Participant: 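One structure, as structure tokens, below. Some questions next.
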Amino acid sequence: MITKIKKVDEESLKEAKELLFNGEVVGMPTETVYGLSAIGTNSVAVKKIFEIKGRPADNPLIAHVHKDYDLNKLVYIKHDYAYKLLKEFTPGPLTLVFESKGVICKEATCGGDTLAVRIPSHAGAQELLKAVDVPLVAPSANLSKHTSPVTAKHVYDDLNGKIALILDGGKCSGGIESTVLDVTGEVPRILRAGLVTKEMIISVVGSCEIAEHKEGDKVKSPGVKYRHYRPKCQTALFKEEQIDDIKELYQKEKSAGGKPYIMCANEVAEKLVGYDILFLGSGEKEIACNLYDKLLEGEKIATLIIAVEMPNERGAYMGIMNRLRKSCG
Ligand code: TXA
Ligand code: MG
């Protein structure tokens, strides 16, 4: 199969719509990461997503809808706080887990009684969702376990020959996957940290819990138990205080004939003059936006990426650290 990359426009949207209604899958941009989409009620198409990605069969997919779509068609909204969150943070990088009405096929929800729903803010995503006017289920458009794609070219690098079309909506502005929030209980509970932070949720609804995923738990968000986001080269993860260890490992890799790169915030890079650096930028927004891009650039040029941890885990740094541990830890 030839994989085409096409800028989002009237013609490519028409082609994407035709492919989707013919039971094919299509790469689509969102403001977080690129998604691999299929019509959420078409179990044959949804199975293709799992096959193409090599995704474990027990890891459910998020249903994406446009901003005027009536969520009551898909889920039961039990708690008033969920409306507040929808009003404040959507369209945007927040996924809400509700009790499902069973409209989306069981292949997508993995037979569970909940459904994760997201209203992406990316203009191209909205246009596609409007054009089809039905929910599209979409995981990140990477091979399972690999780093999530933030450009159409990244999707192509993983899925070339496996899908017919990737809609190109430019580089994702967010850069890490949406916050997944369980809103089935009295208090919202973060299942996966992202750019809509615990602090932001508390500021709107007064409380928010973080789900703890311990060994042996009945995990509420199956995806979090898997190894994820890994680049193809070797990786290591250090705290900023361990600068001497970072330098030592770097020199060791060099002496062995390797090509090490240190991936860190710009402020940390200032202390590493003369070293090869993958610059993450400065501040949580910029670092989130660059994280996967730098990992995917790094795996092409480095034998070893030595990543440096964030200064704290407040705000969006929580989601960034979660990805850093899984990709490089
Ligand atoms: O930003 C995003 O969320 C991107 C873009 C494409 O929208 N999508 C994405 O999908 O990251 P995926 O499949 O890579 O991750 C979905 C996460 C997984 O951790 C999965 O376990 C969780 O959401 N999830 C999906 N449905 C769920 C449900 N019903 N209950 C709990 N967790 C669920
Ligand atoms: Mg993913």
Side-chain angles (χ1 to χ4, degrees), residues 25-38 40 46 49-50 52-65 74-76 89-102 104-122 124-126 128-129 135-150 154-155 158 166-167 169 172-185 188-196 211 213 218-230 288 292 319 322-323 326-327:
V25 301
V26 170
M28 69 179 278
T30 85
E31 73 281 17
T32 56
V33 301
Y34 273 71
L36 184 61
S37 63
V46 171
I49 291 181
F50 282 83
I52 288 169
K53 279 183 61 94
R55 183 179 177 97
D58 66 348
N59 193 8
L61 305 181
I62 297 170
H64 297 67
V65 296
L74 299 179
V75 294
Y76 299 98
F89 299 121
T90 68
L94 176 66
T95 295
L96 298 175
V97 178
F98 298 98
E99 267 175 52
S100 175
K101 289 192 173 171
I104 299 298
C105 66
K106 65 176 187 336
E107 285 75 11
T109 57
C110 302
D113 46 21
T114 57
L115 178 69
V117 184
R118 171 157 134 69
I119 308 166
S121 62
H122 188 288
Q126 280 292 323
L128 178 66
L129 291 163
L136 294 179
V137 292
S140 48
N142 51 285
L143 294 174
S144 200
K145 300 190 183 67
H146 192 215
T147 312
S148 303
V150 293
H154 293 154
V155 180
D158 258 21
I166 303 164
L167 290 177
C172 303
S173 59
I176 59 172
E177 298 84 351
S178 63
T179 305
V180 179
L181 189 71
D182 175 3
V183 294
T184 61
R189 211 162 59 102
I190 294 180
L191 303 176
R192 179 178 71 184
L195 292 178
V196 174
H213 303 286
K218 187 180 170 291
V219 178
K220 194 71 202 295
S221 194
V224 299
K225 74 184 176 199
Y226 294 107
R227 282 178 82 86
H228 263 324
Y229 319 122
R230 301 199 73 85
Y292 291 152
N322 161 288
R323 307 311 191 281
K326 288 187 178 174
S327 62

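Throughout, residue positions are numbered sequentially from 1 according to the sequence presented. Computed from a predicted model, the values in this text were never measured in an experiment. As the structure lists them, so they are numbered: ligands from 1, and atoms in each ligand from 1.
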Participant: Is it the case that atom NZ in K106 sees more than 12 heavy atoms from other parts of the structure closer than 6.0 Å?
Facilitator: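 Incorrect, the count does not exceed 12.
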Participant: Looking at T32, which atoms of ligand 1 are within less than 4.0 Å of one of its heavy atoms?
Facilitator: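 Atoms satisfying the 4.0 Å criterion: 1 (O), 2 (C), 4 (C), 5 (C).
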Participant: Is N59 touching ligand 1 with its side chain, its backbone, both, or neither, if touching means heavy atoms under 4.0 Å apart?
Facilitator: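 Side chain only.
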Participant: Does the R118 side chain pair with the main chain of G92, one donor and one acceptor, at a distance under 3.5 Å?
Facilitator: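 Yes, because the side chain of R118 sits within donor-acceptor range (under 3.5 Å) of the backbone of G92.
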Participant: Report yes or no: does R323 contribute a side-chain atom to a donor-acceptor pair with the main-chain N or O of A288 at less than 3.5 Å?
Facilitator: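 The answer is no, because no donor-acceptor pair under 3.5 Å joins these two groups.
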Participant: Using distance alone, determine whether R55 and ligand 1 share an N or O pair under 3.5 Å.
Facilitator: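 Among all N and O atoms of R55, at least one is under 3.5 Å from an N or O of ligand 1.
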Participant: Which of the numbered atoms in ligand 1 are under 4.0 angstrom from any heavy atom belonging to A116?
Facilitator: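 In order of numbering, the contacting atoms are 25 (C), 26 (N), 27 (C), 29 (N).
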Participant: What do you reckon, does H64 put a non-hydrogen atom under 4.0 Å from ligand 1?
Facilitator: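 For ligand 1, residue contact (heavy atoms, under 4.0 Å) with H64 is present.
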Participant: Kindly say whether Y76 contributes a backbone atom to a donor-acceptor pair with the side chain of E99 at under 3.5 angstrom?
Facilitator: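 Looks like no, no N/O pair under 3.5 Å.
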Participant: Hey, is ligand 1 close enough to E177 that some N/O pair sits below 3.5 Å?
Facilitator: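 E177 vs ligand 1: no N/O contact under 3.5 Å.
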Participant: Which ligand 1 atoms, with their elements, are less than 4.0 angstrom from a heavy-atom of T114?
Facilitator: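 In order of number, 28 (C), 29 (N), 30 (N).
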Participant: Hey, which atoms in ligand 1 end up nearer than 4.0 Å to a heavy atom of V33?
Facilitator: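 Reading through ligand 1 atom by atom, the close ones are 4 (C), 6 (C).
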Participant: Before signing off on this row, confirm whether S140 and ligand 1 have an N or O atom pair separated by under 3.5 Å.
Facilitator: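 It does: an N or O of S140 is found under 3.5 Å from an N or O of ligand 1.
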Participant: Out of P139, A141, G174, whose heavy atom sits nearest atom 10 (O) of ligand 1?
Facilitator: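 It is P139 whose heavy atom sits nearest to atom 10 (O) of ligand 1.
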Participant: Between L167 and P29, is there a side-chain heavy-atom distance shorter than 4.5 Å?
Facilitator: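 In contact.
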Participant: Which bit of L191 gets closer than 4.0 Å to ligand 1, counting heavy atoms only: side chain, backbone, both or neither?
Facilitator: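 Answer for L191: side chain.
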Participant: Around the Mg ion (ligand 2), list the protein N/O/S atoms within a radius below 2.8 Å, excluding water molecules.
Facilitator: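 Counting only protein N, O or S atoms under 2.8 Å from the Mg ion (ligand 2), the list reads S140 OG.
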Participant: Cut-off 3.5 Å, side chains only: do S178 and T32 have a donor facing an acceptor?
Facilitator: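 No - no donor-acceptor pair under 3.5 Å links their side chains.
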Participant: With a 3.5 Å distance limit and no angle check, can you tell me whether H146 reaches the backbone of D158 through a side-chain donor-acceptor pair?
Facilitator: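 Not confirmed, H146 side chain does not pair with D158 backbone.
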Participant: If you measure every N or O of S178 against every N or O of ligand 1, does any of those distances drop under 3.5 Å?
Facilitator: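 Yes: some nitrogen or oxygen of S178 is under 3.5 Å from one in ligand 1.
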Participant: Exactly one of V180, V97, D182 should register a side chain to side chain contact (heavy atoms under 4.5 Å, CB included) with R189. Which one does?
Facilitator: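 Answer to the side chain to side chain contact (heavy atoms under 4.5 Å, CB included) test with R189 among V180, V97, D182: D182.
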Participant: Do S100 side-chain atoms and G102 backbone N/O form a donor-acceptor pair below 3.5 Å?
Facilitator: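 Answer holds: yes.
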Participant: Side chain of T147, backbone of Y229: donor and acceptor closer than 3.5 Å?
Facilitator: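 A pair under 3.5 Å: yes.
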Participant: If you measure from atom 16 (C) of ligand 1 to every heavy atom of I62, V75, T184, L136, which option wins on shortest distance?
Facilitator: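 The nearest heavy atom belongs to I62.
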Participant: Hey, does K53 have a side-chain heavy atom less than 4.5 Å from the side chain of P139?
Facilitator: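 Yes, at least one pair of side-chain atoms sits under 4.5 Å.
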Participant: Number the atoms of ligand 1 from 1 as they appear, then name those within less than 4.0 Å of a heavy atom of L61, with their elements.
Facilitator: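 Heavy-atom distances to L61 below 4.0 Å select 26 (N).
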Participant: May I ask you to decide if V196's main-chain N or O and T179's side chain share a donor-acceptor pair within less than 3.5 Å?
Facilitator: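 Yes, because the side chain of T179 sits within donor-acceptor range (under 3.5 Å) of the backbone of V196.
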Participant: Taking the non-hydrogen atoms of V180, is any one of them nearer than 4.0 angstrom to ligand 1?
Facilitator: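 A heavy atom of V180 does come that close to ligand 1.
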Participant: T30 versus M28: any side-chain heavy-atom pair under 4.5 Å?
Facilitator: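 Yes, side chains in contact.
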